[in-house]
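Presented below is the structure to which this report refers.
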Amino acid sequence: MTPASASGPKDPSAYRPDPQAFALINALQNFTIASDHYAHLVGGNNKMMQRDMYALRAIMQGSLAGESLSPTDLAKAVNLSTPATTALIDRLVKSGHVTRRASETDRRRVVLEATPKAAEDGRRMFMPLAMSLMTVIDRYSPEQIALLTEFTNEAVDAVHQSAEASKVEE
C-alpha cells in the first residue's frame, strides 16, 4: 500500500497489495497460526485452555500497567459472556493461578490477581518460545528492532480496528 492510500481502499475487492506487502501479511498469518499452535500445545500439556492463558495474560498485563481487572473487564478483554467468564475464573482460581479479592478503592468491586504460581507456570511454558524468538531478534540492530516493534504495535491496532468494524449489532 502506498502512503497515498494509507487509509485503505474504498472497495476492498479492488485492492491488490504489492507482492512484498502480500508476503508480509502471509508471514504474519503464519506467525499467528504457529503461535496459536504453540500456546495450544503447551496449554494442553499443562491442562490449560488457550482462553485461560489469554485471560491470565490480560490479568498480568493489567497488573503491570497498575490496573486491577474486574470479572467484567476480563470478559471484555477475552470476549466472553458473563457465565463463560465466571467459569473461566473458577477454573483459574481452582488451578491456583488467580485469586479474587475486594478492590482497595471500592470494597464492593471484585478484582482478579494472578498468583506467583501463574508467573512460574507462564515462565515454564513460554520461556522456550521466548528464547527461540530472542535468537531471531538478536540478529537485528536496535534501530531495526524499534521499527519492527512499531510495525507490530500498529499491526495489532489494525487488527483491533478491523475486529471492531466487523462486530454485528445485536
Side-chain angles (χ1 to χ4, degrees), residues 25 28-138 140 142 145-170:
I25 290 169
L28 288 168
Q29 290 169 339
N30 289 338
F31 178 79
T32 300
I33 291 166
S35 297
D36 281 350
H37 177 75
Y38 181 86
H40 181 76
L41 178 69
V42 298
N45 290 345
N46 290 277
K47 298 178 178 56
M48 290 186 75
M49 291 190 260
Q50 248 178 306
R51 190 74 59 122
D52 297 354
M53 291 186 290
Y54 295 157
L56 274 175
R57 176 158 171 76
I59 294 166
M60 291 172 144
Q61 289 291 356
S63 181
L64 288 173
E67 301 169 5
S68 297
L69 266 65
S70 70
T72 302
D73 298 330
L74 183 61
K76 289 177 187 170
V78 297
N79 196 29
L80 283 177
S81 67
T82 300
T85 301
T86 299
L88 181 150
I89 294 168
D90 288 346
R91 282 193 306 275
L92 293 175
V93 168
K94 184 177 180 183
S95 68
H97 291 106
V98 168
T99 59
R100 292 179 177 103
R101 68 168 177 80
S103 167
E104 294 173 7
T105 57
D106 180 352
R107 303 296 293 167
R108 298 167 296 174
R109 183 174 184 252
V110 172
V111 294
L112 306 167
E113 288 186 341
T115 65
K117 179 182 181 350
E120 290 169 27
D121 288 352
R123 273 191 295 278
R124 186 175 31 72
M125 288 189 285
F126 290 97
M127 189 56 73
L129 175 60
M131 297 306 293
S132 292
L133 289 171
M134 287 306 296
T135 63
V136 174
I137 293 168
D138 284 345
Y140 293 87
I145 294 169
L147 179 63
L148 290 166
T149 301
E150 179 182 356
F151 168 80
T152 303
N153 288 334
E154 289 177 11
V156 168
D157 289 343
V159 170
H160 288 305
Q161 289 170 6
S162 294
E164 279 300 311
S166 297
K167 285 185 178 175
V168 176
E169 293 295 321
E170 295 178 26

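Numbering starts at 1 and runs along the sequence shown.
For the salt bridge (Lys or Arg N to Asp or Glu O under 4.0 Å) condition, the pairs that include at least one residue of residues 67-84, sequence neighbours left out, are Asp73-Arg109. Here ring pair (Phe, Tyr, Trp, His ring centres under 6.0 Å) pairs that include residues 64-114, with residues two or more places apart or in two chains, number zero.
Every residue meeting the salt bridge (Lys or Arg N to Asp or Glu O under 4.0 Å) condition with Glu164, not counting sequence neighbours, appears here in chain and number order: Lys167. Every residue two or more places apart in sequence or in another chain that forms a ring-ring contact (aromatic ring centres under 6.0 Å, His included) with Tyr38 is listed here: Phe126. Not counting sequence neighbours, the partners of Asp106 by the side-chain hydrogen bond (donor to acceptor under 3.5 Å, both in side chains) test are Arg108. Take Arg57 and apply the salt bridge (Lys or Arg N to Asp or Glu O under 4.0 Å) test, not counting sequence neighbours, and it matches no residue. Evaluation of the side-chain contact (heavy atoms from CB on, under 4.5 Å) rule for Arg101 yields Ser68, Glu104, Val111, Glu113 as partners, not counting sequence neighbours. By the salt bridge (Lys or Arg N to Asp or Glu O under 4.0 Å) test, Asp52 pairs with Arg91, sequence neighbours left out. Every side-chain contact (heavy atoms from CB on, under 4.5 Å) that Ile145 has, sequence neighbours left out, goes to Ile137, Tyr140, Thr149. Partners of Glu120 according to the side-chain contact (heavy atoms from CB on, under 4.5 Å) rule, which considers only residues two or more places apart in sequence or in another chain, are Pro116, Arg123. Residues meeting the side-chain contact (heavy atoms from CB on, under 4.5 Å) test with Ala77, sequence neighbours left out: Ala58.
Counting all heavy atoms, side chain and backbone alike, Met125 lies closest to Val42 at SD-O, 3.6 Å.
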Side-chain donor-acceptor contacts of residues 127-135 below 3.5 Å, not counting sequence neighbours, with atom names and distances?
| unit_1 | atom_1 | unit_2 | atom_2 | d |
| --- | --- | --- | --- | --- |
| Ser132 | OG | Pro128 | O | 3.2 |
| Thr135 | OG1 | Ser132 | O | 2.6 |

